[in-house]
A.B. asks: 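Take a look at the following structure, please.
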Protein chains: 2
Amino acid sequence: MALRHAVLAALLDEELSGYQLAKSFDLGVANFWYAQPQQLYTELTRLEKDALITGREVVQDTRPNKRLFRVTDAGLAELERFTATATKPSFIRDDLAVKVQAADYVDTETLIAQLTERAAFARAKTDLFGRLLHTMRGERTEAEFLRHGTRIGPYLTCLRGLTFEQGNHDWCEHTIAILRDRQATQARH
Amino acid sequence: MALRHAVLAALLDEELSGYQLAKSFDLGVANFWYAQPQQLYTELTRLEKDALITGREVVQDTRPNKRLFRVTDAGLAELERFTATATKPSFIRDDLAVKVQAADYVDTETLIAQLTERAAFARAKTDLFGRLLHTMRGERTEAEFLRHGTRIGPYLTCLRGLTFEQGNHDWCEHTIAILRDRQATQARH
DNA sequence: TCATGATAGTCAAGAATGTGAGTAATCAAG
DNA sequence: CTTGATTACTCACATTCTTGACTATCATGA
């Protein structure tokens with residue numbers, strides 16, 4: 001009862017195929033939810049069966065045929081209903097945080113390597129989100145767009161994704177600095 | 001293969017019962033992972049079977065007896081091994097973000113109510129994390145503690161939790177302001 | 001020409017997670 | 001003296017998620 005609404009929300013703006021949807025979920029463009037491609041195909045099938053979305057076959061010459069989905073009125077109503085239900089607290093599951101939690105018991109170099117990798121990943125995402133935001137607002141300033149734009153939902157969630165990834169990046173860099181500093185301090189004894 | 005390491009990492013500092021562990025996971029003190037109580041009991045049983053933790057029965061007069069668990073050497077080795085494996089990207093699943101994504105299609109007042117609730121929740125968590133950080137560092141400054149403290153893992157993850165919840169709070173407030181502003185703008189037509 | 005990689009999926013099995021109920025004792029408040 | 005909250009769990013079912021394997025076609029580069 002959770003992925004369904006994420007998929008519905010993602011299909012509000014454009015007709016997408018399962019494959020395209022999978023891309024955006026997998027790459028984290030839909031930064032408010034995480035899902036694997038296979039889940040999306042399954043969910044799309046279910047959503048169509050429940051008439052919350054409709055699919056249409058698009059025949060392609062150079063590519064395999066695909067099915068594009070869009071939200072139906074029933075789907076919109078379902079989203080409306082969902083919005084009115086109690087919101088569960090957001091949850092994070094992060095392997096890296098588990099590793100940092102154990103920082104004093106595990107190899108520092110290994111940990112720093114993981115943090116470095118995550119920092120780079122987070123940087124890539126902030127760049128991506130920055131570009132996405134720019135594309136969405138076009139020539140307008142952010143304030144202008146948010147005040148008068150016709151579709152601000154994706155912009156707002158992308159803003160959250162941006163600061164989240166900035167937070168990840170800064171935290172990784174900070175943690176690396178701390179660990180390095182302690183290494184240096186301890187080496188002197 | 002994921003919850004197990006989170007549990008191991010949480011048990012590094014103190015012997016805990018399943019119930020205590022459940023509390024800390026549920027309240028988000030272990031802010032790097034989210035899990036329900038029942039999952040933890042199951043996982044503790046499994047971890048003990050695999051000899052990564054050991055439990056001891058504590059007989060209590062006024063309360064039901066409990067079992068306290070601590071990490072074994074094999075458990076430490078497992079954490080070490082885990083740290084060296086590739087880190088999966090952190091994932092977020094947030095009902096509220098899904099609702100905001102659909103902002104232009106759902107009732108604004110309903111959405112604002114949810115955002116207000118989340119903002120309050122996030123504020124409560126930042127307060128909690130702030131107190132936890134203070135408890136951990138004691139009389140020392142943060143820089144002092146992070147440089148010379150003996151156990152900094154939980155402090156570092158708590159720092160991430162703090163900025164994450166601050167981010168949530170600010171985003172909620174900002175989003176509310178935007179939505180209110182648009183309401184006012186549109187009311188004029 | 002051969003191997004990748006991208007597009008566009010499907011299927012099935014098994015692991016992980018979530019939900020709800022049930023047990024049982026003590027303590028504090030009304 | 002009864003209700004509700006807290007401590008301390010256990011069991012079982014259902015749903016969800018993950019993993020891996022599989023099918024195709026076309027485009028690109030070596």
Side-chain angles (χ1 to χ4, degrees), chain A residues 1-7 11 14-27 30 33-50 53 55-69 85-95 98, chain B residues 1-8 11 15-28 30 33-50 53 55-69 82 85-95 98:
Chain A
M1 262 66 130
L3 178 58
R4 29 181 39 201
H5 302 104
V7 170
L11 287 175
E14 21 172 15
E15 262 189 323
L16 291 172
S17 67
Y19 189 77
Q20 290 171 305
L21 200 58
K23 281 270 140 134
S24 70
F25 269 73
D26 198 42
L27 295 173
W33 206 267
Y34 166 93
Q36 316 239 185
Q38 293 82 349
Q39 286 179 63
L40 297 170
Y41 286 116
T42 313
E43 197 58 50
L44 285 171
T45 308
R46 260 199 293 247
L47 280 165
E48 195 182 23
K49 198 193 67 199
D50 297 343
I53 59 174
R56 64 183 179 92
E57 186 89 13
V58 173
V59 180
Q60 299 185 117
D61 300 342
T62 65
R63 297 281 166 204
N65 295 345
K66 61 183 173 183
R67 305 200 63 212
L68 293 182
F69 296 94
T85 62
T87 306
K88 288 179 195 161
S90 71
F91 72 77
I92 303 185
R93 280 185 179 157
D94 191 349
D95 280 5
V98 173
Chain B
M1 262 71 131
L3 178 57
R4 26 181 39 199
H5 302 103
V7 171
L8 282 174
L11 287 175
E15 262 189 323
L16 291 173
S17 68
Y19 188 76
Q20 290 171 305
L21 200 58
K23 281 269 141 136
S24 71
F25 269 73
D26 198 41
L27 295 173
W33 206 266
Y34 166 92
Q36 316 239 186
Q38 293 81 349
Q39 287 176 60
L40 297 170
Y41 285 114
T42 313
E43 197 57 50
L44 285 170
T45 308
R46 259 199 293 247
L47 280 165
E48 194 182 23
K49 199 194 67 200
D50 295 345
I53 59 174
R56 65 185 179 92
E57 186 90 12
V58 173
V59 180
Q60 299 184 117
D61 300 341
T62 65
R63 295 281 166 205
N65 296 345
K66 61 182 174 183
R67 304 200 64 213
L68 294 181
F69 295 94
F82 172 68
T85 62
T87 306
K88 288 178 194 161
S90 72
F91 73 77
I92 303 185
R93 279 185 180 159
D94 191 348
D95 280 5
V98 173

A.B. asks: Which comes earlier along DNA chain D counting from the 5' end, the contact point of R93(B) or that of Y41(B), where each point is its nearest nucleotide?
C.D. replies: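 By nearest-heavy-atom nucleotide position, the 5'-most residue is Y41(B).
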A.B. asks: Measure the distance from CD on E43(A) to P on dG9(C) and round it to the nearest whole Å.
C.D. replies: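 One finds 16 Å between P of dG9(C) and CD of E43(A), rounded.
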A.B. asks: Only one of L21(B), L68(B), L47(B) passes side chain to side chain contact (heavy atoms under 4.5 Å, CB included) with L11(B); say which it is.
C.D. replies: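 Of L21(B), L68(B), L47(B), side chain to side chain contact (heavy atoms under 4.5 Å, CB included) with L11(B) is met by L21(B) alone.
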A.B. asks: For the pair made of CD in Q20(A) and P in dA6(C), what is the distance, rounded to whole Å?
C.D. replies: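 To the nearest whole Å, that distance equals 16 Å.
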A.B. asks: Rounded to the nearest Å, what distance is computed from the CZ atom of residue R4(A) to the C1' atom of nucleotide dC17(D)?
C.D. replies: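 The answer, rounded to whole Å, is 16 Å.
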A.B. asks: Could you state the CZ-C1' distance from R46(A) to dT10(C), rounded to the nearest angstrom?
C.D. replies: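 Rounding to the nearest Å, CZ of R46(A) and C1' of dT10(C) are 15 Å apart.
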A.B. asks: Rounded to the Å, how far apart are Q60(A) CD and dA24(D) P?
C.D. replies: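 It works out to 19 Å between those atoms.
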A.B. asks: Look up atom NZ in K66(B) and atom CD in Q60(B), then write down how far apart they are to the nearest 0.5 Å.
C.D. replies: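 Here the rounded value is 4.5 Å.
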A.B. asks: Only one of R67(B), Q20(B), R56(B) passes side chain to side chain donor-acceptor pair (under 3.5 Å) with E15(B); say which it is.
C.D. replies: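 Per the side chain to side chain donor-acceptor pair (under 3.5 Å) rule, the option paired with E15(B) is R56(B), out of R67(B), Q20(B), R56(B).
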A.B. asks: Please report, rounded to the nearest Å, how far the P atom of dT6(D) is from the NZ atom of K66(B).
C.D. replies: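 Nearest whole value for this atom pair: 17 Å.
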A.B. asks: Between atom CD in E57(B) and atom P in dT7(D), what is the gap in whole Å?
C.D. replies: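 About 18 Å, once rounded to whole Å.
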A.B. asks: Taking only residues two or more places apart in sequence or in another chain, which ones pass salt bridge (charged side-chain N to carboxylate O under 4.0 Å, His left out) with D94(B)?
C.D. replies: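 Residues passing salt bridge (charged side-chain N to carboxylate O under 4.0 Å, His left out) with D94(B): R118(B).
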A.B. asks: Would you say that D95(A) contacts W33(B) through its side chain, given a criterion of any heavy-atom pair below 4.5 Å between the two side chains?
C.D. replies: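 A side-chain contact exists here, since the closest heavy-atom pair is under 4.5 Å.
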A.B. asks: Counting only side-chain N and O atoms of K23(A), is one of them less than 4.0 Å from OP1 or OP2 of dT7(C)?
C.D. replies: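 Yes, within the criterion.
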A.B. asks: Of all heavy-atom pairs between F25(B) and A35(B), which one has the smallest distance, and what is that distance?
C.D. replies: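 The pair with the smallest heavy-atom distance is CD2-CB, 3.9 Å.
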A.B. asks: Check the interface with nucleotides 19-22 of chain D: list each N/O to N/O pair with the protein under 3.5 Å, or write none.
C.D. replies:
none

A.B. asks: Check every atom of dT17(C), dC9(D), dC17(D) against the side chain of L3(B) and return the nucleotide holding the closest atom.
C.D. replies: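 Minimum distance to the L3(B) side chain belongs to dT17(C).
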A.B. asks: Closest heavy-atom contact between E43(B) and V7(B)?
C.D. replies: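 In terms of heavy atoms, the two residues are closest at CG-CG2, 4.2 Å.
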A.B. asks: Roughly how many Å is it from CG in L40(B) to P in dA16(C), rounded to a whole number?
C.D. replies: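 These atoms are roughly 14 Å apart.
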A.B. asks: Give a yes/no on whether any side-chain N or O of Q39(A) is located under 4.0 angstrom from OP1 or OP2 of dT18(D).
C.D. replies: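 Answer is yes, contact under 4.0 Å.
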A.B. asks: Measure all distances between protein nitrogen or oxygen atoms and nitrogen or oxygen atoms of nucleotides 25-27 of chain C, and list the pairs falling under 3.5 Å.
C.D. replies:
| residue | atom | partner | partner atom | Å |
| --- | --- | --- | --- | --- |
| dT26(C) | O3' | T62(B) | O | 3.4 |

A.B. asks: For the residue pair L40(A) and L3(A), establish whether any side-chain heavy-atom pair is separated by less than 4.5 Å.
C.D. replies: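 In contact.
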A.B. asks: OP1 or OP2 of dT16(D) versus the side-chain N and O atoms of T42(A): is any pair under 4.0 Å?
C.D. replies: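 For dT16(D), OP1/OP2 do not have a side-chain N/O of T42(A) under 4.0 Å.
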A.B. asks: Could you tell me whether the phosphate oxygens of dT7(D), OP1 or OP2, come under 4.0 Å of any side-chain nitrogen or oxygen in Y19(B)?
C.D. replies: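 The answer is yes; a side-chain N or O of Y19(B) sits under 4.0 Å from OP1 or OP2.
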A.B. asks: Quick one, V98(A) with F82(B), criterion side-chain contact (heavy atoms from CB on, under 4.5 Å). Give me CA distance, side-chain angles, the key distance, then yes/no.
C.D. replies: CA-CA 10 Å; V98(A) 173; F82(B) 172 68; 3.9 Å; yes
